[in-house]
Number of protein chains: 2
Amino acid sequence: MKNAKRISLLGYALLGLIQQQPVSGYSLRKIFTATPMGSFSDSPGAIYPALARLEADGLIQGVVEEGAGLRRRKIYRLKPAGLAALKRWYARPVTREDVVRGMGELMLRFAFLGETADQDTIRRFLTSLRGQLKAYLPEVEAFAGMHEDKMSVSGKLALDHGVRGYRASLEWVEAAIAAYDWPKKGGIS
Amino acid sequence: MKNAKRISLLGYALLGLIQQQPVSGYSLRKIFTATPMGSFSDSPGAIYPALARLEADGLIQGVVEEGAGLRRRKIYRLKPAGLAALKRWYARPVTREDVVRGMGELMLRFAFLGETADQDTIRRFLTSLRGQLKAYLPEVEAFAGMHEDKMSVSGKLALDHGVRGYRASLEWVEAAIAAYDWPKKGGIS
DNA sequence: GTTTACATGTAATCCGTTACATGATTGA
DNA sequence: TCAATCATGTAACGGATTACATGTAAAC
C-alpha cells in the first residue's frame with residue numbers, strides 16, 4: 001500500500017482495462033493478443049508481476065473466484081486509489097515530449113479517458129494535443145527542409161512518413177473535437 | 001567480442017548513426033535531443049553503456065581523439081561485424097508483429113537502410129511492409145466494426161486514429177515504391 | 001570569475017523478456 | 001488418453017531510467 005509510486009505504461013493499460021470491467025490476468029493477456037492493443041506483451045512474466053505491483057500499491061484488488069469445479073481465476077477490481085491514479089493520468093496536459101515519443105501512449109490514454117473523465121478533461125486533452133501537434137509538425141517539416149540535401153532517399157522517405165503521420169494525427173484531433181461539438185466558451189452571447 | 005548477441009533498438013539506432021559517419025557519444029546524445037529521433041532517450045545512462053556493449057561485442061570501435069588541448073572525445077567507428085549486423089537487420093522481412101508494435105521501429109530501419117543496402121533489399125522491405133499493412137488494416141477495421149456498439153466514444157475515436165495511421169502508412173509505402181520506380185520483374189516483355 | 005556547454009562515465013533501481021514450471025479442464 | 005486450452009505464477013537476465021559524479025573549455 002505504498003503511495004505515489006510510479007506506474008508504467010503497462011500498469012496504466014491494465015488499470016484502464018480493469019476500470020472497464022473486473023477481469024482476470026488471463027483475460028487481460030488475451031486482450032493483448034487478440035485486439036489492437038497488441039503493442040503490449042501478452043507474456044505472463046509481464047502481466048502477473050505488473051498486476052501484483054498494482055495490488056501491492058492498493059490500486060486494484062484481486063479476488064479468487066469462488067465456486068465449485070471451476071478453474072481458479074483471480075478477478076481484479078479497481079480500488080478508489082486506482083481510479084484516482086487513472087484520473088490524474090487523464091488530466092495530465094499533453095506535452096511536447098508526449099508527442100515526440102509517439103501517439104501510441106496518448107491514444108491509450110484517450111481511449112480509456114472516455115470511461116470516467118468529464119467533458120472538461122476530454123476537451124483539455126484534445127485541445128492541448130492539437131496545440132502540441134500544431135507546434136511540432138512545422139518543426140519536423142523545417143528539419144526535413146533543412147537537411148534534405150544531406151539525407152539519403154530512404155532517410156527522406158522515412159521522415160516523410162513521420163510528417164504524414166503527424167498530419168493525419170492533426171486531422172484526427174480536429175475531427176475528434178468536432179465530434180464532441182462542445183458549446184463555445186466565453187458566454188452565451 | 002562475443003558473437004550473435006541480441007542488439008536492442010537503441011543499439012541499432014546507434015549502429016545506424018555511426019554507420020553514416022564516425023561520431024562521439026556526446027554527438028549521438030545531441031542527435032536524440034535535437035532531431036526527430038527524439039523518441040530515444042538522450043540520457044548518458046542509456047547511451048554510454050549501450051556504446052560500451054556494442055564495442056565489447058566487436059561491432060564498433062571507439063578511439064579517443066588525439067591532439068593537444070582538446071576535450072577528450074571518444075569517436076566511434078563501425079567495424080565489419082557491425083556493418084554485417086546492420087545488414088542482417090535490414091534484410092529481415094517485415095512481420096505482422098513489426099506492424100502491430102508500431103511503425104517507429106520499421107521507419108528507423110528504413111531510414112538507415114538506404115545507406116548501404118542494395119536495391120533488392122529495399123524493394124523487399126517495402127513490398128513486405130505493404131503486404132503486412134494490406135493484411136493488418138482490414139483486421140483493425142473489422143475489429144472496429146465488430147465492437148463499435150460496446151465502445152465509448154473516445155474508444156472508437158482512438159481506434160479510428162489507429163486506422164487513419166495505418167491508412168497513411170499504406171499510402172506512404174505505395175508512394176515510396178513508386179519513388180524508386182524499379183523495373184518490373186519477370187522479363188523484358 | 002562564474003555560468004554555460006562540452007564530454008564521459010557509474011550505481012541503484014525498476015521492469016520487461018525469456019524461459020521454465022505447475023496443474024485443472026475440455027475436446028478429439 | 002492425449003493434446004489443447006485455461007490459468008497462474010517464478011527466476012534469471014538484460015537494459016533503460018534516474019540520479020549522481022567529475023572535469024574541461026568557452027563565453028559573458
Side-chain angles (χ1 to χ4, degrees), chain A residues 2 4-15 22-34 37-57 59-60 62-76 97 100-102 104-105, chain B residues 2 4-15 22-34 37-57 59-60 62-76 97 100-102 104-105:
Chain A
K2 298 279 184 66
K5 284 254 287 272
R6 264 200 93 265
I7 300 169
S8 72
L9 187 58
L10 172 61
Y12 282 115
L14 295 171
L15 282 179
V23 273
S24 68
Y26 192 79
S27 299
L28 291 163
R29 287 183 59 202
K30 276 191 305 184
I31 290 170
F32 293 155
T33 26
M37 292 190 71
S39 51
F40 290 97
S41 164
D42 65 343
S43 89
I47 289 170
Y48 291 110
L51 288 170
R53 280 194 302 272
L54 293 173
E55 189 170 28
D57 292 347
L59 306 178
I60 59 175
V63 176
V64 176
E65 223 180 29
E66 75 276 38
L70 279 165
R71 294 194 188 85
R72 89 181 209 282
R73 282 159 39 92
K74 199 189 272 182
I75 306 292
Y76 287 98
E97 288 69 46
V100 172
R101 274 182 206 162
E105 189 170 334
Chain B
K2 299 277 182 67
K5 282 251 288 272
R6 263 201 93 265
I7 299 169
S8 71
L9 187 57
L10 173 61
Y12 282 115
L14 295 172
L15 281 178
V23 273
S24 67
Y26 191 80
S27 300
L28 291 163
R29 287 184 59 203
K30 277 192 305 184
I31 290 171
F32 293 154
T33 27
M37 293 191 70
S39 51
F40 292 98
S41 163
D42 65 342
S43 90
I47 290 170
Y48 290 111
L51 288 169
R53 280 194 302 272
L54 293 173
E55 190 170 27
D57 293 348
L59 305 178
I60 60 175
V63 176
V64 176
E65 224 180 32
E66 74 277 38
L70 279 166
R71 295 192 189 85
R72 88 183 211 282
R73 283 158 39 94
K74 199 188 272 182
I75 306 291
Y76 287 97
E97 288 69 49
V100 172
R101 274 182 207 162
E105 190 169 335

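Quick note on labels: first sequence line is chain A, next is B, and so on, each numbered from 1. Any value given below was found using the heavy atoms of this structure, including those in side chains, with hydrogens, waters and symmetry copies removed.
Heavy atoms of Ser8(A) sit under 4.0 angstrom from primed sugar atoms or phosphate atoms, though from no base atom. Residue Arg29(B) is in base contact, counting any heavy-atom pair closer than 4.0 Å across all strands shown. As judged by a 4.0 angstrom heavy-atom cut-off over every strand, Gly25(A) is placed among residues touching the sugar-phosphate backbone only. Within the 4.0 angstrom heavy-atom criterion, only backbone atoms of the sugar-phosphate kind lie near Ser41(B); the bases stay farther away.
By the 4.5 Å heavy-atom criterion applied to side chains, Tyr26(B) and Arg73(B) are not counted as neighbours. Looking only at side-chain heavy atoms (C-beta outward), Ile7(A) and Leu59(A) come within less than 4.5 Å of each other. The shortest distance between side-chain heavy atoms of Phe32(A) and Ile47(A) falls below 4.5 Å.
Among the nucleotides dC15(C), dG9(C), dT8(D), the one closest to the side chain of Lys74(B) is dG9(C). Residue Tyr76(A) has its side chain nearest to dG9(D) when only dG9(D), dA16(D), dT8(C) are considered. Distance from the side chain of Pro44(A) is smallest to dG9(D) among dG9(D), dA7(C), dA16(D). Of all nucleotides listed (dG16(C), dT10(D), dT10(C)), dT10(C) comes nearest to the side chain of Tyr48(B). The side chain of Pro49(A) has dT10(D) as its nearest neighbour among dT10(D), dT8(D), dA7(C). The side chain of Tyr26(B) approaches dC6(C) more closely than any other nucleotide in the set dT8(D), dC6(C), dT17(D).
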Take Ile31(A) and Phe40(A) through the side-chain contact (heavy atoms from CB on, under 4.5 Å) test and state the conclusion after the steps. CA-CA 9 Å; Ile31(A) 290 170; Phe40(A) 290 97; over 6 Å; no
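Under 4.0 angstrom from either OP1 or OP2 of dT22(C) there lies no side-chain N or O belonging to Arg72(A).
Between Arg101(B) and Ser27(B), it is Ser27(B) whose nearest contact on DNA chain C lies nearer the 5' terminus. Of the two residues near DNA chain C, Ile7(A) and Ser43(A), the one whose nearest nucleotide lies more 5' is Ile7(A).
Look at CG on Leu9(B): it is 11 Å from P on dT17(D), rounded to the nearest Å. Remark: P of dG9(C) and CG of Leu51(B) are 9 Å apart, rounded to the nearest angstrom. Here the P atom of nucleotide dT17(D) and the CD atom of Glu97(A) are 14 Å apart, to the nearest Å. Straight-line distance from the CG atom of Leu28(A) to the C1' atom of dC6(D): 14 Å, rounded to whole Å. Note: NZ (Lys5(B)) to P (dG14(D)) measures 7 Å, nearest angstrom. Atom pair Arg73(A):CZ and dG9(D):P shows a separation of 13 Å (rounding to whole Å applied). We find that CG of Asp42(A) is positioned 14 Å from C1' of dT5(D), with the value rounded to whole Å. Distance, Ile31(B) CD1 to dA7(C) C1': 15 Å, rounded to whole Å.
Listed here is the closest heavy atom pair of Ala13(B) and Met37(B): CB-CE, 4.2 Å.
Distance check: Leu10(B) CG to Leu51(B) CG gives 8.0 Å after rounding to the nearest 0.5 Å.
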